[in-house]
Structures are given as structure tokens and as C-alpha cells.
Participant: 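Shown below is the structure under consideration.
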Amino acid sequence: MIITYKAHKSFEIENGKVNVIATSSPIAYCNLIEGMQEKNELLCAVSEDYDAIPLSKAVDWLGDPLISESLLQKYMTKLTSYVVDELSTDGRNRIITFYRDLLNAVQDELLMEDLPLEISFDTDLKKLFKFGRLHFNKTLTRDPYGIIETVLRIHDRLDLKSTVVFSNVAHYLDVEQFNEISKLCLELKKSIIFIEFCSHKDQVVYGDAKFSYIDEDLVDWY
């Protein structure tokens, strides 16, 4: 995939790799952050064959991994379907049996009320998972590295085609963690983009990531 930025060189996003788009220009930084969210018309996405791709489909914007709220919640509907579809036959049957026993116990208690009340048994396990409030461990929401790793694995499990985009991750990760994310991208054959406000000399922080830099004078260094 290629992301174009008006008046600048295009960013060639490499699959299976961490792609850092960095700048020390407040103007460029705001343009990039807003552009990734389609709040301006300065960024566009095209395929390697230069076919236009709607930016909303090309990238999966998540922003700052700690400041942005409920980052992982948007995946829950698809994840619930994925988990239910991936259940083994034995696992599915066990859950249905326990669920039926639970509802039978509830129905027995309703009969004690001397009122014509009934509950219905539904084998739609998606509703059961929703009833159980399927969610990620709360400790994950305080772990930037864990959030990034989890999003990449979600994209892999759900076979999502968009490219994950985070911002400000250098505030939270060390060089070793960046290298681990690079290994994970290679393993999963997934690309990720980090939008960063930093100086050119900070490139070393990002390990072996592909580094594209725009300086404070809006000069491209990539």
C-alpha cells in the first residue's frame, strides 16, 4: 500500500514491517493525525497498482494507545462471531448443556412464583457471550505494548486487510519492545504504522522499522 501526502513524497507501507512516519513539524504532525482520521483531504491511499483505496478501509486508526478510550471495543462484535465459529463440537455441546441446565434452574424458580412466566432456550451462543459481557482483561488497557500486540493478533485472527495505525507509541515502548513488534509483524505478515513527533536522531529508538521523516521545515528525509 502507498499513502500519499500532498506536497510530499509518498509513504510506501511495507507489509510485514513496522512503518514509522515521523516529523518534528507541528504542521505536518497535525496533518498526519487528522488525515488518518479523514478530517482533512491531505492523505490518500492507493494500492501498489495505484488503484485508489478509501482511507477508512486502508487504515485502522487507533491513535494513542493509552489516551484513546475503549480501543478494543470496536472489534468485539466480530470477535464474538469468531470465537463462536471456532468452538469445537465438544466445547459447543458442553456450553449448550450447561446453558440449558442454567435456564431449567431459572424456570424451576419461576414456577415457585405461581405466575405464568416462562423463559425461552436459545442456542445462539453469540447471545450467551454477549450476556456474559465478553471483554479483554482490564490490565491490558494499561499496557501499551499489550494493546498493540493484541490489535495485531486480532487483525490476524479476523483476517482484516487494513493497516493498523497508532500514534505517540515512543512515549511508552523501549527498543526491545519495538523489536518484538517488528518480529510479530513479520510472523503475522501484517504491517503497522506509527505516527510520531520526534527528531531525526530518534530513529534509533525504533529498531529496524522503516523510518520516514519530515523535518521542521517540511523537508522530506526518506
Side-chain angles (χ1 to χ4, degrees), residues 1 13-18 53 56-66 68-166 169 172-173 176-194:
M1 180 181 68
I13 307 303
E14 293 189 22
N15 195 32
K17 197 170 184 66
V18 173
I53 308 171
S56 59
K57 293 184 178 180
V59 303
D60 180 12
W61 169 259
L62 290 112
D64 189 300
L66 280 191
S68 301
E69 296 183 0
S70 303
L71 282 182
L72 303 175
Q73 191 59 38
K74 65 179 180 178
Y75 303 111
M76 292 312 301
T77 299
K78 290 184 177 180
L79 278 174
T80 300
S81 296
Y82 170 80
V83 170
V84 171
D85 291 343
E86 292 297 310
L87 286 172
S88 66
T89 301
D90 288 343
R92 186 183 302 273
N93 290 337
R94 284 182 61 244
I95 292 172
I96 290 175
T97 297
F98 286 129
Y99 186 33
R100 184 183 289 110
D101 290 343
L102 171 64
L103 294 185
N104 286 338
V106 173
Q107 186 65 66
D108 290 344
E109 292 300 316
L110 291 176
L111 291 174
M112 302 295 290
E113 298 298 327
D114 197 25
L115 291 170
L117 297 173
E118 294 182 346
I119 55 175
S120 299
F121 177 70
D122 191 338
T123 57
D124 184 354
L125 294 185
K126 294 176 186 177
K127 294 180 181 179
L128 178 60
F129 276 86
K130 185 176 181 180
F131 173 74
R133 299 179 64 186
L134 181 68
H135 62 280
F136 287 98
N137 190 302
K138 289 185 178 180
T139 58
L140 179 64
T141 62
R142 300 188 295 272
D143 178 10
Y145 175 82
I147 290 172
I148 295 169
E149 178 186 12
T150 299
V151 170
L152 283 170
R153 293 194 182 281
I154 289 172
H155 269 244
D156 179 56
R157 297 295 191 278
L158 300 181
D159 196 26
L160 302 179
K161 303 303 182 184
S162 56
T163 296
V164 176
V165 184
F166 281 97
V169 296
Y172 311 117
L173 306 184
E176 182 178 350
Q177 289 174 317
F178 275 115
N179 287 333
E180 288 301 315
I181 292 172
S182 291
K183 292 177 184 177
L184 183 60
C185 287
L186 184 61
E187 174 192 334
L188 301 179
K189 298 180 181 178
K190 293 288 182 181
S191 59
I192 191 169
I193 298 173
F194 294 147

Participant: Asp64 and Tyr172: side-chain donor and acceptor closer than 3.5 Å?
Facilitator: yes
Participant: Set out, in order, the CA-CA distance, both residues' side-chain angles and the distance that settles side chain to side chain contact (heavy atoms under 4.5 Å, CB included) for Trp61 and Val164, then state yes or no.
Facilitator: CA-CA 6 Å; Trp61 169 259; Val164 176; over 6 Å; no
Participant: Taking all heavy atoms of Ser191 and all of Glu14, pick out the closest pair and write down the distance.
Facilitator: CB-O, 3.2 Å
Participant: For Cys185 versus Val18, what's the shortest heavy-atom pair and its separation?
Facilitator: SG-CG2, 4.1 Å
Participant: Please work out whether the ring planes of Phe178 and Phe194 are parallel, tilted or perpendicular, with thresholds of 30° and 60°.
Facilitator: perpendicular
Participant: For the NZ atom on Lys74, are there more than 12 heavy atoms of other groups (residues, nucleotides or ligands in this structure) within a distance under 6.0 Å?
Facilitator: yes
Participant: Counting only heavy atoms from other residues, nucleotides and ligands, does the tally under 6.0 Å from CZ of Arg94 exceed 12?
Facilitator: no
Participant: Rounded to the nearest 0.5 Å, how far does CD1 of Ile154 lie from CE of Met76?
Facilitator: 8.0 Å
Participant: Would you mind telling me which of Arg157, Lys161, His155 makes a side chain to side chain donor-acceptor pair (under 3.5 Å) with Asp159?
Facilitator: Lys161
Participant: Taking all atoms of both residues into account, what is the closest heavy-atom pair of Ala58 and Ile53, and its distance?
Facilitator: CB-CG2, 3.8 Å
Participant: Does either side chain, that of Asn104 or that of Tyr99, offer a donor lying less than 3.5 Å from an acceptor on the other one?
Facilitator: no
Participant: Within this structure, what is the CG-OG1 distance for the pair Leu72 and Thr141, rounded to the nearest 0.5 Å?
Facilitator: 8.5 Å
Participant: Does NZ or CZ of Arg100 lie under 6.0 Å from the centre of the six-membered ring of Phe121, at an angle within 45° of the ring axis?
Facilitator: yes
Participant: Could you tell me whether the side chain of Arg92 and the main chain of Glu86 form a donor-acceptor pair under 3.5 Å?
Facilitator: no
Participant: Roughly how far, to the nearest 0.5 Å, is the CD1 atom of Ile148 from the CG atom of Asp143?
Facilitator: 9.0 Å
Participant: Between Ser162 and Asp60, what is the shortest heavy-atom contact and its length?
Facilitator: OG-CB, 3.5 Å
Participant: If you apply the rule side chain to side chain contact (heavy atoms under 4.5 Å, CB included), what do you find for Ile95 with Leu125, and how did you get there?
Facilitator: CA-CA 8 Å; Ile95 292 172; Leu125 294 185; 4.0 Å; yes
Participant: With no hydrogens and no angle check, do the side chains of Asp90 and Ser88 hold a donor and an acceptor under 3.5 Å apart?
Facilitator: no
Participant: Please assess Leu184 against Lys190 for the test side chain to side chain contact (heavy atoms under 4.5 Å, CB included), listing each intermediate value before the final yes or no.
Facilitator: CA-CA 8 Å; Leu184 183 60; Lys190 293 288 182 181; over 6 Å; no
Participant: Hey, are the side chains of Leu79 and Phe136 touching, using non-hydrogen atoms and a 4.5 Å cut-off?
Facilitator: yes
Participant: Could you grab the distance from atom OH of Tyr75 to atom OG of Ser70, nearest 0.5 Å is fine?
Facilitator: 12.5 Å
Participant: Side-chain contact test, heavy atoms from C-beta onward, threshold under 4.5 Å: evaluate it for Tyr145 versus Val169 and give yes or no.
Facilitator: no
Participant: Quick test of your reading of the model: are Lys189 and Asp156 salt-bridged, counting only N-O distances below 4.0 Å?
Facilitator: no
Participant: List the steps and the verdict of side chain to side chain contact (heavy atoms under 4.5 Å, CB included) for Val165 and Leu62.
Facilitator: CA-CA 6 Å; Val165 184; Leu62 290 112; over 6 Å; no
Participant: How many angstroms lie between atom CD of Glu149 and atom CD of Gln177, to the nearest 0.5 angstrom?
Facilitator: 10.0 Å
Participant: Per the salt bridge (Lys or Arg N to Asp or Glu O under 4.0 Å) rule, what does the pair list look like for residues 110-130, sequence neighbours excluded?
Facilitator: Asp122-Lys127
Participant: Using every non-hydrogen atom in the two residues, find where Leu103 and Ser120 come nearest and quote the distance to one decimal.
Facilitator: CD1-O, 3.8 Å
Participant: Nearest 0.5 angstrom please: Gln107 CD to Leu117 CG, how far?
Facilitator: 8.0 Å
Participant: Could you report the tightest heavy-atom contact between Ile13 and Thr163, atom names first, then the distance?
Facilitator: CG2-CG2, 4.4 Å
